[in-house]
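Notes follow once the structure below has been shown.
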Amino acid sequence: MLDKRYDPKKVESGIYDEWKAKGYFSMHDLKKKPFSIVIPPPNITGKLHLGHAWNTTLQDIIIRYKKMQGYDVLWLPGMDHAGIATQAKVMQELRDKGIDTRSITREQFLSYAWAHKEQYAKTIHEQWKMMGLALDYEKERFTLDDGLSQAVNEVFCSYYEEGLIYKDKRIINWDPVQMTALSNIEVIHKDEEGSFYYFAYPVVGTEEKLIIATTRPETMFADVAIVVNPDDERYKKYVGKKAINPANGDELIIIADSYVDKEFGTGVMKCTPAHDPNDFLIGQKYHLPMPVCMNKDATMNELARGYTGLDRYDCRNKLVEDIKARGLFVKEEKIIHAVGHSERSDAIVEPMLSSQWFVKMKPLAKRSLEMMNEKERVEFIPSRFANVFTRWMENVEDWCISRQLWWGHQIPAYYRKDTGEMIVSRTPPEDIENYVRDQDVLDTWFSSALWPFATFGWLKNDELFKRYFPTDVLVTAYDIIFFWVSRMISQSLHLTHKIPFKKVLIHGLVRDEHGKKMSKSAGNGVDPIDVIDKYGVDALRYFLTTISTPGQDIRYSEEKIIASSNYLNKIWNATRFVLSSIDSDVKGDEQIDLTKLSAINHHIILRFNKTLELVNEAMERYDFNMASTHLYNFVYDDFCSAYLEQSKTALKCEEERKITSIILLKIIKNIILMIYPYTPFIAETLYLSLPNHLASIMLETYPDYIDLKEDENKEKEVELLNEITFQIRSFKASENIDSRDKLSLMISSPYFSTLSCNTLKDMLHLSNVIEVKGEELDKNSRIFIFKNGKISLSHEQDASERKASLVKKLEHLEAEISRSKKMLDNENFLNKAPVQLVEKEKVKLIENEKIKADILKDLAKFN
RNA sequence: GGACACUUAGCUCAGUUGGGAGAGCGUUUCCUUCACACGGAAGAGGUCGUAGGUUCGAUCCCUAUAGUGUCCACCA
């Protein structure tokens with residue numbers, strides 16, 4: 001027997017372990033059609049947050065739904081080693097323990113890092129369990145496990161052989177805190193206030209000076225030239241001459257290049273090839289030297305004479321003062337400009353010349369863009385994100401993949417100790433003692449990009465790969481489209497010649513109650529574990545996945561979690577009612593005679609079928625908001641408010657009791673099955689309380705339509721039943737009639753049954769309900785006229801009141817009629833509007849005219 | 001500078017083939033009647049940002065515009 005109250009704690013405990021122990025998550029029936037998802041592997045750096053909860057619940061819903069539909073589903077779990085983030089975290093842990101991180105070796109560090117991984121993996125497993133995720137743990141992978149490492153190694157080497165990977169000295173983004181190179185997308189640009197410093201550069205051999213503006217004076221020690229536009233009349237004459245660098249007195253050659261914008265600044269630019277990507281291009285074009293003036297920690301090196309060892313910003317301040325002292329300072333102008341910060345350390349990134357490994361992106365991007373116009377293309381949901389993807393691919397630049405870290409896949413390049421000659425090889429050279437291996441590791445996203453196929457044993461062409469790849473859908477937030485989605489697509493197309501997934505379901509981010517982004521630093525994060533503790537995981541899951549439109553952010557809202565919980569309580573109690581109202585011999589799977597259905601039974605089946613159709617359509621689109629809304633409306637309005645109340649009378653009626661019980665049970669079972677993908681714990685508990693259940697709801701199949709021949713007259717009966725119920729309740733409320741007052745009702749309708757009369761009597765607490773012929777209604781009572789019949793209620797009203805209410809109704813009706821007439825008189829409407837719509841309007845007009853005639857007849861009695 | 005999203009009831013948000021605007025919470029009145037007070041019944045509350053256009057008809061399509069937000073972007 002179910003408790004009176006739905007208690008999530010009680011409901012949820014033990015179920016997950018049971019499912020896991022029985023192997024439900026890893027059951028695979030190879031006769032069924034495969035359906036697969038790979039989890040976006042969480043980083044092993046922290047706890048699960050609401051974003052993870054949302055992301056994984058969406059996938060869980062899809063997996064559970066598809067499994068019920070008869071697919072052989074595989075949801076592959078795994079985790080990401082998260083190079084920079086994990087290394088930073090482990091280093092911090094070591095420092096907190098008092099270990100000197102500068103003195104430990106690579107091997108020592110790695111053993112600490114693996115211990116860290118084990119610990120966090122345990123936490124993540126705990127949290128997956130709390131969320132109730134149907135993950136196939138037998139297939140679990142890690143981005144640094146042997147299989148993935150082999151795949152990474154193979155891809156690196158084959159790309160190198162194809163010329164898709166190369167090593168070169170280029171300007172990269174340097175993170176001076178993590179002391180590693182970053183890719184372009186790991187740099188976050190923030191608008192910050194800065195200064196434009198204007199300095200005077202005396203032109204050698206003249207009395208003239210060139211005024212040049214810079215935002216980064218500290219890089220002036222690495223200046224190698226001054227550039228003007230060749231068409232600039234102001235400066236043409238200086239080309240070929242030299243000017244003095246006010247920072248260090250060096251002479252700089254003045255050259256001309258059309259890159260310089262005459263209108264921008266003073267029209268004169270200094271060229272610092274090792275510290276600016278554009279200057280680098282000019283430096284290459286004119287074969288200029290490319291000195292670097294900073295160390296890896298962003299302090300000044302020996303090139304900055306007099307400033308060596310200073311931090312870059314201390315150097316900037318001191319240098320500006322020194323130039324002022326020399327009389328070469330012109331002015332300082334405050335500006336707002338975009339400054340690059342490291343995504344992980346938040347340090348200001350230094351563009352710096354450095355020797356790194358790159359992936360040539362143009363050929364890969366080209367293939368990805370072609371794919372988007374082919375039949376076998378990746379479908380983005382919502383579709384606008386496809387444009388985000390293609391736009392990025394169109395403008396993509398080469399990808400810097402080497403990182404100066406230890407935690408990751410070490411690059412398989414080896415350098416001969418004596419000659420420095422480099423080889424790239426799948427296996428270490430035989431005379432390894434003569435080589436030094438490249439110390440760098442690969443960008444974490446390089447391995448993540450292989451995730452959807454490397455995890456399936458792509459390299460060995462495993463059965464898993466053959467059966468489950470390409471995957472069916474990838475679920476992720478929009479913030480990693482560039483980092484991950486786009487790279488998986490381009491890598492997969494090149495390596496497997498297939499798209500990695502057929503669809504990408506993009507969701508948004510979880511914001512706090514005020515719409516702000518949740519972050520650790522702002523301290524506004526909500527821990528899902530606290531929410532689960534308070535309201536249960538089902539309420540959290542339902543909230544996360546049903547309140548939003550695809551691709552849109554959601555705002556955390558405790559009141560909506562409470563509302564979710566109340567909804568579940570509603571289903572709980574509806575189930576409790578059904579189980580306590582029906583006889584124990586009713587199992588719910590009995591055949592029912594569909595030709596002998598009462599009006600309410602007929603109606604609820606009709607409504608169920610319609611709801612199932614709407615829900616299925618929305619589920620297929622992965623539109624969980626609409627799917628849940630349709631089910632919600634059915635549960636509340638059709639089932640609980642109407643049918644459940646109406647069925648109470650039928651259950652008291654001998655010839656109706658059995659069939660109504662069966663239908664009650666069938667419908668509630670279907671509701672439980674339909675809510676199950678969203679809220680599996682309460683669904684399992686309720687399911688197991690039903691008669692004739694399987695061992696678990698996880699073994700169930702999705703509900704099917706209930707066969708029914710639609711009967712219009714029965715629908716009219718229910719419509720009238722509902723109209724009368726509503727009208728009388730409304731009337732009682734407006735007239736301040738106590739609901740327990742025993743009024744009696746006369747009814748005249750060709751569609752009404754005795755059962756419906758009794759139902760009205762019970763629901764409206766009437767003393768009696770009498771069926772009469774057309775004109776026999778009680779003339780002294782309150783009369784209500786409907787489309788399919790009319791009634792009188794034994795509540796005395798004086799004549800003027802009755803007349804007034806009839807007049808009011810008449811006015812309303814006439815407005816309706818004139819609206820219909822206006823539309824139907826419009827030839828354009830008749831010709832251009834859909835036929836069904838015109839018909840609908842015509843029927844409405846006829847019905848309203850009929851009611852109007854009835855009212856007029858009544859009104860005539862008052863004259 | 002470019003792109004995209006959002007603007008609908010007091011608040012938070014739904015509303016895909018253009019055909020009389022919905023939910024949750026809040027709010028008013030009544031009801032502890034045997035599924036549920038984590039409830040029920042009946043209400044109040046909206047010129048669907050603004051201005052044009054297309055259409056028989058626009059919250060929905062088009063154009064412009066305002067506000068908010070996000071992403072992208074090397075202009076020294």
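Numbers restart at 1 for each chain; the letters A, B, ... are given by sequence-line order, proteins then strands.
One can place OH of Tyr6(A) at 17 Å from C1' of G39(B), the figure rounded to the nearest angstrom. Spacing between atom OH of Tyr567(A) and atom P of C25(B) amounts to 14 Å, rounded to whole angstrom units. Between the C1' atom of G69(B) and the CZ atom of Arg384(A) lies a distance of 12 Å, rounded to the nearest Å. Note: NZ (Lys648(A)) to C1' (C34(B)) measures 8 Å, nearest angstrom. In this structure, Tyr643(A) atom OH and G40(B) atom P are separated by 19 Å, rounded to whole Å. Atom CG in Leu252(A) sits roughly 15 Å away from atom C1' in A76(B) (whole-Å rounding). In this entry the distance linking CG of Asp738(A) with C1' of A41(B) reads 13 Å, nearest Å. When the P atom of A41(B) is taken as reference, atom CG of Asn736(A) falls 19 Å away, rounded to whole Å.
For His275(A) and Phe280(A), the gap between ring centers reaches or exceeds 6.0 Å.
Among the heavy atoms of the strands lying under 4.0 Å from Glu645(A) is at least one base atom, whether or not backbone atoms are also near. Note on Val260(A): a base of the nucleic acid sits closer than 4.0 angstrom, heavy atoms only. Residue contacts shown for Tyr556(A) are absent, as no nucleic acid heavy atom lies under 4.0 Å away. Residue contacts shown for Lys4(A) are limited to sugar-phosphate atoms, with no base heavy atom under 4.0 Å away. Within 4.0 Å (heavy atoms only), Phe385(A) reaches no atom of the nucleic acid at all. If you check every strand for non-hydrogen atoms under 4.0 Å, Leu644(A) touches a base. At the heavy-atom level, Cys640(A) lies under 4.0 Å from base atoms of the strands shown.
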message: Could you walk me through whether Arg576(A) and Asn573(A) satisfy the side-chain hydrogen bond (donor to acceptor under 3.5 Å, both in side chains) test, starting with their C-alpha distance in whole Å, then the side-chain angles of each, then the deciding distance to 0.1 Å, before giving a yes or no?
response: CA-CA 5 Å; Arg576(A) 208 163 67 87; Asn573(A) 272 291; 3.0 Å; yes
- prompt: Hey, mind stepping through Tyr535(A) and Glu558(A) against side-chain hydrogen bond (donor to acceptor under 3.5 Å, both in side chains) and telling me if it holds?
  reply: CA-CA 10 Å; Tyr535(A) 302 105; Glu558(A) 188 158 355; 2.4 Å; yes
message: Using the rule given for side-chain hydrogen bond (donor to acceptor under 3.5 Å, both in side chains), can you reason through Gln727(A) versus Ser730(A), listing the C-alpha separation, both sets of side-chain angles and the distance that settles it, and then say yes or no?
response: CA-CA 5 Å; Gln727(A) 273 293 341; Ser730(A) 187; 5.5 Å; no
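The separation of A3(B) from G10(B), taken at their C1' atoms, amounts to 35 Å, rounded to a whole angstrom. When the C1' atom is compared between G22(B) and C48(B), the two are found 12 Å apart, to the nearest whole Å.
Taking the ring centre of Phe784(A) as origin, the terminal cationic atom of Arg782(A) falls inside the region bounded by 6.0 Å and 45° from the ring axis. Tyr198(A) carries Lys331(A) over the face of its six-membered ring, with the cationic atom under 6.0 Å from the centre and within 45° of the normal. Seen from the ring of Trp399(A), Arg487(A) counts as a face-on cation partner, given the 6.0 Å and 45° thresholds.
Side-chain N or O atoms of Asp538(A) include one that pairs as donor or acceptor with a backbone N or O of Ile682(A) at under 3.5 Å.
Side-chain atoms of Gln552(A) and Asn625(A) form no donor-acceptor pair, as typed in the model, at a separation below 3.5 Å. Using a 3.5 Å distance cut-off with no hydrogens or angles, the side chains of Ser820(A) and Glu841(A) do pair a donor with an acceptor.
Nearest-nucleotide positions on RNA chain B for Asn826(A) and Lys270(A) put Asn826(A) closer to the 5' end. Of the two residues near RNA chain B, Gly265(A) and Asn387(A), the one whose nearest nucleotide lies more 5' is Asn387(A).
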Enumerate all atom pairs, one protein N or O and one N or O from nucleotides 70-74 of chain B, separated by less than 3.5 Å.
| residue | atom | partner | partner atom | Å |
| --- | --- | --- | --- | --- |
| C74(B) | N1 | Asn278(A) | ND2 | 3.4 |
| C74(B) | O2 | Tyr259(A) | OH | 3.2 |
| C74(B) | O2 | Asn278(A) | OD1 | 2.9 |
| C74(B) | O2 | Asn278(A) | ND2 | 2.4 |
| C74(B) | N3 | Asn278(A) | OD1 | 3.2 |

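Candidate nucleotides G43(B), A76(B), A35(B) were compared by shortest atom distance to the side chain of Ser730(A), and G43(B) ranks first. Nearest to the side-chain atoms of His765(A) among the listed nucleotides A76(B), G40(B), U33(B) stands U33(B).
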message: Generate the contact string for nucleotides 59-64 of chain B. Rules: B means base contact, S means sugar-phosphate contact only, - means no protein heavy atom under 4.0 Å.
response: ------
message: Generate the contact string for nucleotides 9-22 of chain B. Rules: B means base contact, S means sugar-phosphate contact only, - means no protein heavy atom under 4.0 Å.
response: ---BSSSB--BB--
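Between Tyr478(A) and Phe385(A), the ring-plane angle classifies as parallel under the 30° and 60° cut-offs. Classified by interplanar angle (parallel below 30°, tilted 30° to 60°, perpendicular above 60°), the ring pair Tyr678(A)/Phe624(A) is perpendicular. Ring-plane geometry between Tyr567(A) and Tyr636(A) is classed as parallel, the angle between the planes falling under 30 degrees on a 0 to 90 degree scale with a further cut at 60.
In terms of phosphate contacts, Ser641(A) brings a side-chain nitrogen or oxygen within less than 4.0 Å of OP1 or OP2 of A41(B).
Using Watson-Crick or G-U wobble geometry with both donor-acceptor distances under 3.5 Å, U12(B) finds its partner in A23(B).
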